[in-house]
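Have a look at the structure below, then the notes.
The sequence lines fix the lettering, A, B, ..., with proteins before strands; numbering per chain opens at 1.
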Amino acid sequence: MSAASVPKPIRERDIDARTLAVVTENTQRPESPADLPTQYTPAEVEGKLYERWVERGYFEADAKSEKTPYTIVIPPPNVTGSLHLGHAFQHTLMDALTRRKRMQGYEALWLPGMDHAGIATQNKVEQQLAEEGKSRQDLGRDEFVRRVWQWKEEYGGKILGQMRRLGDGVDWSRERFTMDEGLSRAVQTVFKKMYDDGLIYRAERIINWCPRCLTAISDIEVEYQEDDGELVQLQYGEGEETVVVATTRAETMLGDTAVAVHPDDPRYRHLIGKQIKLPLTDRTIPVVADSHVDPEFGTGQVKVTPAHDPNDFEIGRRHDLPMITVMDERGVITVPGPFEGLDRFEARSAIVAALREQGRILEEKRPYKHSVGHCSRCKTTIEPRLSMQWWVKVAPLAQAAGDAVRDGRTKIHPADMSSRYFDWVDNMHDWTISRQLWWGHRIPVWYGPGGEVVCVGPDEEPPGGEGWTQDPDVLDTWFSSGLWPFSTLGWPDETPDLAKFYPTDVLVTGYDIIFFWVARMMMFGTYVMDEVPFHTIQLTGLVRDEHGKKMSKSFGNVVDPLDWMDAYGSDALRYTLASGANPGTDVPIGEDWVKASRNFANKIWNATRFALMNGATVEGPLPDPSEMSATDRWILSRLNATVAEVDAYYEDYQFAKLSDALRHFAWDEVFDWYVELSKTTFFAGGRPAEVSGRVLGEVLDVMLRLLHPVVPFVTETLWTTLTGGESVVVAEWPSDSGFRDAEAEAELAAVQQAVTEVRRFRADQGLQPGQKVPARLDLDGTPLAAHEEPIRQLLRLQPAGDGFQATASLPVVGATVALDLSGAIDVEAERKRLAKDLAAAEKELKQTTAKLGNEAFLAKAPDHVVDKIRTRKSAAEADIERLKGQIEKLG
RNA sequence: GGGCGCAUAGCUCAGCGGUAGAGCGCCUGCCUUACAAGCAGGAUGUCACUGGUUCGAUCCCAGUUGUGCCCACCA
């Protein structure tokens, strides 16, 4: 049996979730801190804490409050899904921001809600129906919409549950849904206003049509990807008058109504105006001159299909060509003849085959890589289609939206992301807003028997009587979400909420929906409210897996946030996400990282528990610094510096940095040094020293408040136990008292250096922890005197008599700690170590000497740099002298 | 075809004109009277390549290579 397979004895652990549940549920403060279990078990606690926060109304904002408002509206998740890590990420940031502001005394509102997600949701429900062998047409419009509402109730609830689990401090009393009555009214009001202002119009144009969803979609709902196609050259015409055109979509030739050449192309000037026989049909088509044609591409002759291609549509309009539609809404050929009834792809091969038979295929390139549009919802190949749709005239709105960022009324963070915004806003085409769907806001337009068109506002009666019908289409889902920042606050009514909370402060969202959503909100906000919807746009990256790969179902690397929250707690997930949040960059995350964050939460838990058991307290005033030890002053100095640092990072949305600063302060400084050093005082007389206990209480109190926005759950139980306060949610955000003590910081740096050096010595020497080493600790100089006992304790050194065999001396500020050790010391090991240090010091001396001998350097380098090099040089010299002496002593 | 970004430790990423950093991982020793989800000690980098600017370049500039993303109606 190998050593590795010998099971390690299982250590008795004190895991008892029930204890904690009792503690947190029934009593704010346990009888004794020892009642807190030694391991933090988040799963059971978090839910209870959350519900208590909600019951107490901590997250409900008051529009009548005198406090300064701070508002964030949530990017409404689609009711179609469940929340993924990307949501968890953004929610963590928004929650941390609002929690901090609430603690700072703002009237903080984080408004929750969901988006009806028209096409996406309709597709889901249609899928569900398909499983029952039904279609939406079988149900009829009203019944189908009822089904979708049912679906919304079921799945929307799941999302809300996930938000609670994450700890989202949202105001549930203000929860909104884009199909709510109030929001529908906002949609109709805006539609009417835009219609009256001439910003909404109806026109027949080529749009992106999804033959599977059976609706128009906007340009940005089309995803282009490189597909393998087939480029063929077709010969049209007969005898002298033939042309050769290239196409990847041969089936559209049935709808060709012209061939175009460039007006200046000398090769084809003679053809302009001639009629060409179109194969497979009995039609002839003209040759037209249009400067859109690129003479360099292919033959310089282009087939023109105005009803099935956006460019050709424009050419058709310029030359007044007929527009022949050759397929129906499902992409099936409708032209009478041999191809009728064939699907567009079947028709393509059939037509190529037929032309090949006639010898009219001159060249075939297969495969031919080209960019093809797909429906972003169902991936079906988009079919450009001529149809009548409603449009928004974007230019004036986009201008205003762009100006708002240009003149700084809205700031984009990080700033270099703003180029994406401008690229879009400055080049936006008109927006197709009608969708041939049933789920969504129905277009408030009625058509009369004589072709009259009436747009009806929300408080107006639609025209009655024979022959009047409402437009069957609904609006693009982004039309209603574009109104979100003010429709959720009660607009078009002049509500107290609207007055208090609009414009909102910051929008936190992914850079991937700048065009879909951010730009639209900016357009609607400036147009409808005459005021920007938010002062700051904080763009986040996308959450990726631990190797930076995109999370997708096909890679199989999608993670349900609930799984990780169940295993490691919400705090762990939140901390991990926050610590990965460098502005604008994607956020990789892996399970091991969440585990590490769980360990951090556990560390906070245990260290605080330990401190509580040993007299950390917030009772009474903080003692005067003159009564404190240098260690006390050091940690308070660091505490206040950390408060300032964290605040600065929050103001700049630097979540990764503030998370790191918090962990460093808590773990490295408070737990590993301050608590450890305090142990001596704690244990010295069996009772904690009063001053240190109070200082430690202060440090923990502030630290927990500082941590709370990111890790709300673990901090709540500990903080209420420590302080007896009602809840850290409504505690005051710490502020920098301004206390700094450079002297104490320097002294502690020296102590740390000394202690580390001695530990290193022990490790090098292979001294066992339990092994008592007779030694004498000399403090040369006084500043360290206060720490003699702590160091002795940590090292387990015992004062002894004479008889030394080896010496290690340690450099500290203004003093040398001479550590004389007796006993079985490995002289060779120490000699090797010292030699290594000596070599490093000599290298340093050489480098600094060379630098200081460089006149150009001395002349041009700034003083502080030169001083730094000088200091380094003298330090190196001292080190060398010291090390040489030590080596000599070793004999 | 345009535009933007990135290349730093085994992995994921900070950083920055003046001695290379963190987390995780790794090596060694430890069940030290809170925490082994822990403690202590340690190792690890031609900062992609080639030039240039500078007293000094991982950092600024140019080019090269690799890589990612966004936009675009190339028939």
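A salt bridge is defined here as a Lys NZ or Arg NE, NH1 or NH2 lying under 4.0 Å from an Asp or Glu carboxylate O, and A/Asp867 with A/Arg870 meets this definition. In summary, A/Asp660 and A/Arg663 engage in a salt bridge, as defined by a charged side-chain N under 4.0 Å from a carboxylate O.
Using the Watson-Crick or G-U wobble rule with both distances under 3.5 Å, B/G1 pairs with B/C71. With both pairing distances under 3.5 Å, B/A22 is matched to B/U12 as a Watson-Crick or G-U wobble pair. The nucleotide B/C49 finds its pairing partner in B/G63, both defining distances of the Watson-Crick or G-U wobble pair being shorter than 3.5 Å. When both pairing distances are held under 3.5 Å, B/G38 makes a Watson-Crick or G-U pair with B/C30.
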Contacts under 3.5 Å, N or O only, protein and nucleotides 70-73 of chain B:
residue	atom	partner	partner atom	Å
B/C73	O2'	A/Asn311	ND2	2.8
B/C73	N1	A/Asn311	OD1	3.1
B/C73	O2	A/Asn311	OD1	2.3
B/C73	O2	A/Asn311	ND2	2.4
B/C73	N3	A/Asn311	OD1	3.3

Using atom names, set out every protein N or O paired with an N or O of nucleotides 17-28 of chain B below 3.5 Å, distance rounded to 0.1 Å.
residue	atom	partner	partner atom	Å
B/U19	OP2	A/Arg872	NH1	3.0
B/U19	O2	A/Glu844	OE1	3.2
B/A22	O2'	A/Arg663	NH2	3.4

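Taking the C1' atom of each, B/U12 and B/G18 are spaced 29 Å apart, rounded to whole Å. Separation of the P atoms belonging to B/G10 and B/G45 is 8 Å when rounded to the nearest angstrom. B/U32 and B/A36 have their C1' atoms separated by 13 Å, with the value rounded to a whole Å. Straight-line distance between the C1' atoms of B/A43 and B/G29: roughly 15 Å, to the nearest whole Å. Nucleotides B/C69 and B/U28 have their C1' atoms positioned 44 Å apart, rounded to a whole Å. Comparing the P positions of B/C47 and B/C11 gives a spacing of 16 Å, expressed to the nearest Å.
Side-chain N/O atoms of A/Thr849 and A/Lys851 include no donor and acceptor closer than 3.5 Å. In this model, a donor atom of one side chain and an acceptor atom of the other lie less than 3.5 Å apart for A/Glu221 and A/Ser218. Looking only at atom types and distance, the side chain of A/Tyr568 has a donor-acceptor partner in the side chain of A/Glu591 under 3.5 Å away.
Heavy-atom minimum distance, A/Ala656 versus A/Ser579: CB-O, 3.3 Å.
Using a 4.0 Å cut-off, some side-chain N or O of A/Asn599 falls inside it from OP1 or OP2 of B/G38. Using a 4.0 Å cut-off, no side-chain N or O of A/Lys603 falls inside it from OP1 or OP2 of B/A34.
Nearest-nucleotide positions on RNA chain B place A/Ala856 closer to the 5' end than the other of A/Ala856 and A/Arg249. Both A/Arg760 and A/Gly300 lie close to RNA chain B; mapped to their nearest nucleotides by heavy-atom distance, the more 5′-ward contact belongs to A/Arg760.
A donor-acceptor pair under 3.5 Å links the side-chain atoms of A/Asn557 to the main chain of A/Lys550, judged by distance alone.
Looking at A/Trp667 and A/Asp672, their side chains come closer than 4.5 Å, going by heavy atoms from C-beta outward.
The side chain of A/His370 approaches B/A75 more closely than any other nucleotide in the set B/G41, B/A75, B/C35.
One N or O donor and one acceptor, one from the side chain of A/Glu676 and one from the base of B/A34, sit under 3.5 Å apart.
Relative to the six-membered ring of A/Trp593, A/Arg544 misses at least one condition, a distance below 6.0 Å or an angle of at most 45° to the axis. Remark: A/Arg420 is positioned above the aromatic ring of A/Tyr511, its terminal NZ or CZ atom under 6.0 angstrom from the ring centre and at most 45 degrees off the axis.
At the heavy-atom level, A/Ser579 lies nowhere under 4.0 Å from the strands shown.
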